[in-house]
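Please read all numbers here as calculations on a predicted model, not as lab measurements.
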Amino acid sequence: MHRQTTLKCLIAAGLLTACSQNSTSEANVSSDTPAANAVDTLSGAKFADFKGDPGAGAASFAQCKACHVIDAGVNRMGPSLHAVVGRKAGSVEGFRYSPANKASGIVWSEAKLFEFLESPRRVIPGTTMGFAGISDPQKRADIIAYLKAN
């Protein structure tokens, strides 16, 4: 069972991996990297302009389930997303984060998650999260509403 789950996670990560490298060096930080407390998105969309729907978020979260769960203390290929809103990035016990994630200084507000979900590697260059992002701002708001409700 564990081998099947691991294989599914590896396949999903391979499908979701963006074309950039997974380098964890500080050389990846550029002037385009937002500050830890910045919430500007590439599209210009602002979290405050959207009302997330937890039900729709549950459906959109399906793509995240390849690597994440919302159960407390359960880490998979990605860390548990239980109580992620308000949590410091890189702080889930038992999960091995990239140095970039641990050193990001980010506290996951709803607005910061909204920015991150659009383009994870822009927000945390050097992250090992193999996911390109979600361009649809409503889907991002829905996923955040789902995470907050669970």
Side-chain angles (χ1 to χ4, degrees), residues 5 8-24 28-93 95-150:
T5 301
K8 286 179 185 177
C9 287
L10 289 172
I11 291 169
L15 293 172
L16 298 175
T17 299
C19 296
S20 63
Q21 296 181 22
N22 279 340
S23 172
T24 57
N28 279 339
V29 178
S30 73
S31 60
D32 293 336
T33 302
N37 62 349
V39 293
D40 299 324
T41 62
L42 291 169
S43 68
K46 304 216 178 293
F47 177 73
D49 295 337
F50 295 87
K51 180 172 175 42
D53 174 357
S60 294
F61 187 77
Q63 65 186 316
C64 309
K65 285 183 177 181
C67 300
H68 295 280
V69 295
I70 57 170
D71 303 321
V74 179
N75 297 321
R76 290 195 177 159
M77 184 172 247
S80 169
L81 296 180
H82 175 77
V84 68
V85 176
R87 184 170 73 206
K88 184 177 185 235
S91 66
V92 171
E93 192 170 320
F95 187 77
R96 193 172 139 217
Y97 289 95
S98 67
N101 194 301
K102 284 196 269 187
S104 69
I106 291 172
V107 174
W108 295 118
S109 66
E110 292 166 290
K112 191 65 179 182
L113 282 166
F114 187 76
E115 177 193 39
F116 179 76
L117 289 173
E118 179 187 42
S119 180
R121 291 182 181 183
R122 172 183 167 257
V123 176
I124 304 179
T127 184
T128 54
M129 182 170 159
F131 182 68
I134 301 168
S135 60
D136 183 335
Q138 185 59 60
K139 284 186 179 182
R140 295 194 313 266
D142 292 342
I143 289 170
I144 294 164
Y146 171 72
L147 290 172
K148 208 168 168 200
N150 289 284

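Without hydrogens or angle criteria, Ser104 side chain to Asn101 main chain gives a donor-acceptor distance under 3.5 Å. Side-chain N or O atoms of Ser80 include one that pairs as donor or acceptor with a backbone N or O of Asp71 at under 3.5 Å. At distances below 3.5 Å, not a single donor-acceptor pair connects side-chain atoms of Glu115 with backbone N or O atoms of Val123.
Residues Ala145 and Gly52 share a closest heavy-atom pair of CB-C, 3.6 Å. Closest heavy-atom contact between Ala45 and Pro137: CB-CB, 3.9 Å. When all heavy atoms of Arg76 and Cys67 are compared, the closest pair comes out as CB-O, 3.3 Å. Residue Trp108 comes nearest to Lys88 through the heavy atom pair CD1-C, 4.3 Å, listed as atom of the first residue, atom of the second, then distance. The shortest heavy-atom contact between Ser91 and Arg87 is OG-CG, 3.3 Å. Residue Val69 comes nearest to Val74 through the heavy atom pair CG2-O, 3.3 Å, listed as atom of the first residue, atom of the second, then distance.
Within the structure, the ring pair (Phe, Tyr, Trp, His ring centres under 6.0 Å) test picks out the following pairs touching residues 60-88 (sequence neighbours left out): Phe61-Tyr146. Sorted by first then second residue, the salt bridge (charged side-chain N to carboxylate O under 4.0 Å, His left out) pairs that include residues 139-150, not counting sequence neighbours, are Glu110-Lys148.
Among residues two or more places apart in sequence or in another chain, the ring pair (Phe, Tyr, Trp, His ring centres under 6.0 Å) test is passed with Phe114 by Phe47, Phe50.
The SG atom of Cys64 sits 7.5 Å away from atom CG of Leu147, with the distance rounded to the nearest 0.5 Å. Note that CG of Leu117 and NZ of Lys112 are 11.5 Å apart. Values are rounded to the nearest 0.5 Å. Ile144 CD1 to Asp53 CG: the interatomic distance, rounded to the nearest 0.5 Å, is 13.5 Å. The CZ atom of Arg96 lies 10.0 Å from the OG atom of Ser98; values are rounded to the nearest 0.5 Å. Here the CD1 atom belonging to Ile106 is positioned 4.0 Å from the CD1 atom belonging to Ile124, to the nearest 0.5 angstrom. The OG1 atom of Thr128 sits 9.0 Å away from atom CE of Met77, with the distance rounded to the nearest 0.5 Å.
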